[in-house]
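Remarks on the structure that follows.
Side-chain atoms are counted along with the backbone in the values below, which use heavy atoms only and exclude waters and symmetry mates. Atoms within each ligand, like the ligands themselves, are counted from 1 in listed order. All residue numbers in this chain count up from 1 along the given sequence. This is a predicted model, so every value here is computed, not measured.
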Amino acid sequence: MKPINVGLLGIGTVGGGTFAVLKRNADEIARRAGREIRIVAVADKDIARARAVAGDDVRITDDAFAVVREPEIDIVVELIGGYTVAKDLVLAAIENGKHVVTANKALLAVHGNEIFAAARARDVMVAFEAAVAGGIPIIKALREGLSANRIQWAAGIINGTTNFILSEMRDKGLPFAAVLKEAQRLGYAEADPTFDIEGVDAAHKATIMSAIAFGIPMQFDKAHIEGITQLESIDIAYAEKLGYRIKLLGIVRRREQGVELRVHPTLIPAKKLLANVEGAMNAVVVQGDAVGTTLYYGKGAGAEPTASAVIADLVDITRLHTADPEHRVPHLAFQPDQMQDVPVLPIAETITSYYLRLRVADKPGVLADITRILADSDISIDALIQKEADEGEAQTDIIFLTHETVEKNADAAIARIEALETVHGKVTRLRLETL
Ligand code: HSE
């Protein structure tokens, strides 16, 4: 059977990995796909680099728009990243009747609704396994493997850079900046690492997970996003003492009034598998009503792990591109006319538990005042530690873990606690999930 022809846009880390794996495993992949998958054209700004990776049998150009128009090409693989040129190229590829594979989580989280509508209008597939958690087939699991379930929630470590930073800071006591540099050197970090450390990359991925878990449109602009730049090592240490680890989690959860879509540092019990995901590894836990809890673990970044996901999409498209579009797997798991306009809940409506650290005067009645406010607010205390005041110090730290409450309720209680004369400065508040 004639090969399926692929045009590759961008031959950096993931593009290079895709090229290498397609070549190395060509026979095995063809046995699965039913025909050879062949990269026939590569577009990259750096022609010399592209030539060095792709060799002489592939057309190489710096004009990506020419590649998406080439009649011979069946599938365009977009590995450029970003929201601007990548968006124009993906829409142009679709307009030209090409199927698209992309690893671009930012593009899909922000412009996915428009891109999938365009793809439906032209009867082409847009596949994006590599966009969430790199080599872990979490899109396939959510979209197909768990399709019997009403998915209740998913929570994941979906940014390797921040997990690497948190692990190194905790294990080796290294400073934030040095660990970030190392993550960049190892190729985990985004071109703009603020996307990693401020939680934006994880929010892109969580947005995509929410859409396919619940059958709702992409609503990235409604996501609540907190990164790890404000996290203090003292809280990592107190959390350990209480039997918890702090991880940057992307959480999507179905509630009666809408869905929660949030990214923030989160305390999780140290004995949970997710708490023990170290370094740049990713992991996602999904809770379905029929299957219960399932866990997906693996490399979320890097050349060949991400290529593994890109090529899985190429195989899927190769198998399905001749099928009647009505009978293909829907882009976002649910049939397009069955998508629901469920709102993303504001963070004030989130229900979660809390870690609260307070700097207080070390004198009688302080604890009683604070616990009275928590009781008045109907916030139940789960655990509490008070650090012994240092020699000659009139202040000390008190740490509370609470049971679940609505965030606006916690906000109000924290404001009242901060107004107490015996409480110094701001209360440090972190969310806690027992998963
Ligand atoms: N910057 C991302 C991470 C790469 O650190 O996980 C994969 O999306």
Next on the checklist: Determine whether H331 and F128 satisfy the following criterion, ring pair (Phe, Tyr, Trp, His ring centres under 6.0 Å), listing intermediate values before the conclusion.
Outcome noted: CA-CA 9 Å; H331 292 118; F128 51 92; 7.8 Å; no
Next on the checklist: I need the full list of salt bridge (charged side-chain N to carboxylate O under 4.0 Å, His left out) pairs touching residues 212-226, with sequence neighbours left out, sorted by first then second residue.
Outcome noted: E226-R431
Item to check | Aromatic plane relationship, Y83 with H111 - under 30° parallel, 30 to 60° tilted, over 60° perpendicular | outcome: perpendicular
Checklist entry - If you measure from CG on L314 to CG on L22, what distance do you get to the nearest 0.5 Å? => result 6.0 Å
Item to check | Side-chain donor-acceptor pair present, D397, Y238, cut-off under 3.5 Å | outcome: yes
Checklist outcome for this item: Sorted by chain and residue number, the residues having a heavy atom closer than 4.0 Å to an atom of ligand 1 are K105, N159, G160, T161, Y188, A189, E190, D196, D201, K205, G300, A301
Checklist entry - How about F400 and Y355: are their ring centroids closer than 6.0 Å? => result no
